[in-house]
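Written out below as structure tokens is the structure these notes cover.
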Protein chains: 2
Amino acid sequence: MAISDRKIREKEDLKKRILEAAKALFLEKGFEATSMRNIAEKVEFSPTTLYLYYKDKNDIVFALHQEGFKLLAQQFSIVSNVEHPYERLKTMGRIYLKFAEENPDFYELMFVRQGPIIHVQKYNSDDWQEGSRTYNVLYETVIECQKEGYFKNLLPHSVSLIIWSTLHGMCTLHMHMRLDCVTFEDDYEIDPEKSRTDYIYETFISFIERLK
Amino acid sequence: MAISDRKIREKEDLKKRILEAAKALFLEKGFEATSMRNIAEKVEFSPTTLYLYYKDKNDIVFALHQEGFKLLAQQFSIVSNVEHPYERLKTMGRIYLKFAEENPDFYELMFVRQGPIIHVQKYNSDDWQEGSRTYNVLYETVIECQKEGYFKNLLPHSVSLIIWSTLHGMCTLHMHMRLDCVTFEDDYEIDPEKSRTDYIYETFISFIERLK
DNA sequence: TTTTATTTATTAACAGTGTTAAGTATATTT
DNA sequence: AAATATACTTAACACTGTTAATAAATAAAA
């Protein structure tokens with residue numbers, strides 16, 4: 001059985017190599033500019049071969065979106081060191097914003113593009129595990145905060161939804177260049193050291209302080 | 001000079017007809033499924049003729065995005081009846097959410113897609129008028145609220161950015177089907193009459209109450 | 001009025017996209 | 001050795017946005 005084992009291993013190996021190629025192109029040239037033929041060329045197989053390992057492009061896109069969630073989970077893992085739930089929440093927010101800033105293409109795939117969601121609807125019977133798991137981390141933290149007396153008279157789902165929405169809105173408005181028209185100079189003293197992202201982060205903090 | 005006037009008029013007429021055809025297809029079949037050839041077929045001209053009236057597809061997309069802003073401004077116009085700035089702000093929020101819910105394709109063009117922004121960068125020297133004008137309506141309202149004592153110790157741009165981000169985040173997470181995985185049932189008693197959008201709106205209101 | 005110039009629209013083509021049907025080697029099993 | 005199964009490729013389909021070259025229609029100049 002060792003030979004057939006090797007065969008299976010080799011098959012999974014190529015599947016991984018395809019994904020690695022896709023990821024490389026994706027990070028290098030962006031999502032829009034990554035085609036099936038590009039990926040095929042990179043792994044040195046014909047384009048049709050990809051369809052023996054992935055059902056369609058959305059299947060690859062979905063796998064890529066999973067990679068993004070792995071990366072985010074990795075960044076999130078350090079928050080377990082933060083004892084106090086409210087401080088942990090603020091740290092999570094900072095990590096989320098940083099992740100979006102540093103991995104805009106991944107973020108787009110994870111939370112904007114419809115490709116991965118279409119794949120979920122088709123093959124995973126509407127069960128978007130990556131999303132619900134990540135949301136749950138936030139939700140549980142909010143509940144812990146409430147046990148400590150924060151967010152009084154608010155439903156935990158409401159609080160979670162508001163926080164996620166605010167962060168997501170800040171990230172995407174920024175990523176999609178919808179904030180370039182907003183000139184903050186009226187308010188803030190123009191500090192050339194500080195980026196727009198810095199101001200966004202500060203705004204988020206002042207917001208969460210208000211919300212408590 | 002009357003003849004050349006008529007010529008110009010006819011030219012603008014076809015330009016409008018192209019835009020109308022684009023809008024019709026866009027609203028009927030969605031943005032993704034609207035191609036230059038589709039539009040050309042609808043106006044009964046060859047595809048290349050469109051390029052005599054619009055520089056490229058993004059030019060049409062940009063004009064379409066302007067139509068969206070006109071529609072939003074129209075919906076917003078009724079808020080001038082609301083005297084109290086804080087009440088006006090809440091009404092604006094409701095209108096914004098309703099607009100996004102009822103015109104998801106327009107919303108996508110106005111605040112998500114990069115097509116219109118690329119056009120702005122190319123031909124309008126980075127001046128996204130539609131965006132800054134709409135933002136200013138919010139900003140001015142926030143300032144008026146602060147004059148009445150709301151949002152103490154917060155910069156008006158911060159408040160505006162938070163509100164816009166939260167609304168935008170709610171709209172897009174919902175539109176892009178990233179909230180389908182969140183089961184609110186733990187919190188809310190499942191009222192079949194109420195849609196997810198209703199809950200989102202209630203959440204927004206409870207949020208803005210907190211923020212004040 | 002005839003000729004030239006300009007505007008308007010078209011055909012054909014380029015280079016690309018995701019995807020599939022059909023065919024070809026290679027390796028495994030009977 | 002013959003039949004079957006696996007892995008892969010070639011060729012093609014039906015699209016996409018866009019451009020160069022060309023033809024037809026109109027306006028201006030001779």
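Letters A, B, ... are given to chains in the order of the sequence lines, protein chains preceding strands, and every chain is numbered from 1.
C/dG16 atom C1' lies 13 Å from atom CD of A/Glu41, rounded to whole Å. To the nearest angstrom, P of D/dT18 lies 11 Å from CD1 of B/Ile39. Regarding B/Leu14, its CG atom lies at a distance of 17 Å from the P atom of C/dT7, rounded to whole Å. As rounded to whole Å, 14 Å separates atom C1' of D/dC8 from atom CZ of A/Arg17. Rounded to an integer number of Å, the gap from A/Lys15 NZ to D/dA7 C1' is 16 Å. At whole-Å resolution of the value, CG in A/Asn58 and P in C/dT17 are 16 Å apart. A/Glu32 places its CD atom 17 Å from the P atom of C/dG16, with the value rounded to the nearest Å. Put simply, CG on B/Leu52 is 12 Å from P on D/dT19, counting in whole angstrom units.
With A/Tyr107 as the fixed residue, the side-chain hydrogen bond (donor to acceptor under 3.5 Å, both in side chains) test singles out one of A/Arg113, A/His168, A/Glu102: A/His168.
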> Would you write out the dot-bracket form of DNA chain D, 5' to 3', with Watson-Crick and G-U pairs under 3.5 Å, [ ] for crossing pairs, | for pairs to other strands and . for unpaired bases?
Replying inline: ||||||||||||||||||||||||||||||
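A donor-acceptor contact closer than 3.5 angstrom is absent between the side chains of B/Thr203 and B/Ser206. Side-chain contact of B/Glu108 with B/His176: a donor-acceptor pair under 3.5 Å is present, judged by distance alone. Looking only at atom types and distance, the side chain of B/Thr166 has a donor-acceptor partner in the side chain of A/Thr166 under 3.5 Å away.
Of the side-chain N and O atoms in A/Tyr53, none sit less than 4.0 angstrom from OP1 or OP2 of D/dA7.
Side-chain rings of B/Tyr96 and B/Phe204 stay apart, their centers remaining 6.0 Å or farther from each other.
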Side-chain donor/acceptor pairs under 3.5 Å, residues 73-81 of chain A, sequence neighbours excluded:
residue : atom : partner : partner atom : Å
A/Ser77 : OG   : A/Gln74 : O            : 2.6
A/Ser80 : OG   : A/Ser77 : O            : 2.9
A/Asn81 : ND2  : A/Ile78 : O            : 3.2

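Comparing D/dT18, D/dC8, C/dG18 by their closest approach to the side chain of A/Tyr51 singles out C/dG18. For B/Asp56, counting side-chain heavy atoms from C-beta on, the closest listed nucleotide (D/dT18, D/dC8, C/dT19) is D/dT18.
Within a 6.0 Å radius of CD in B/Glu28, more than 12 heavy atoms belonging to other residues, nucleotides or ligands are found.
Residue-level contact check: B/Phe45 touches the backbone only, with heavy atoms under 4.0 Å from sugar-phosphate atoms and none from bases.
Geometrically, A/Lys57 engages A/Phe31 in a cation-pi contact, judged by NZ or CZ lying under 6.0 Å from the ring centre and within 45° of the ring axis.
One finds a salt bridge joining A/Glu67 and A/Lys70 here, because a Lys/Arg side-chain nitrogen approaches an Asp/Glu carboxylate oxygen to under 4.0 Å.
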> Quick one: what's the B/S/- string for nucleotides 10-16 of chain D, heavy-atom cutoff under 4.0 Å, read 5' to 3'?
Replying inline: BBB---B
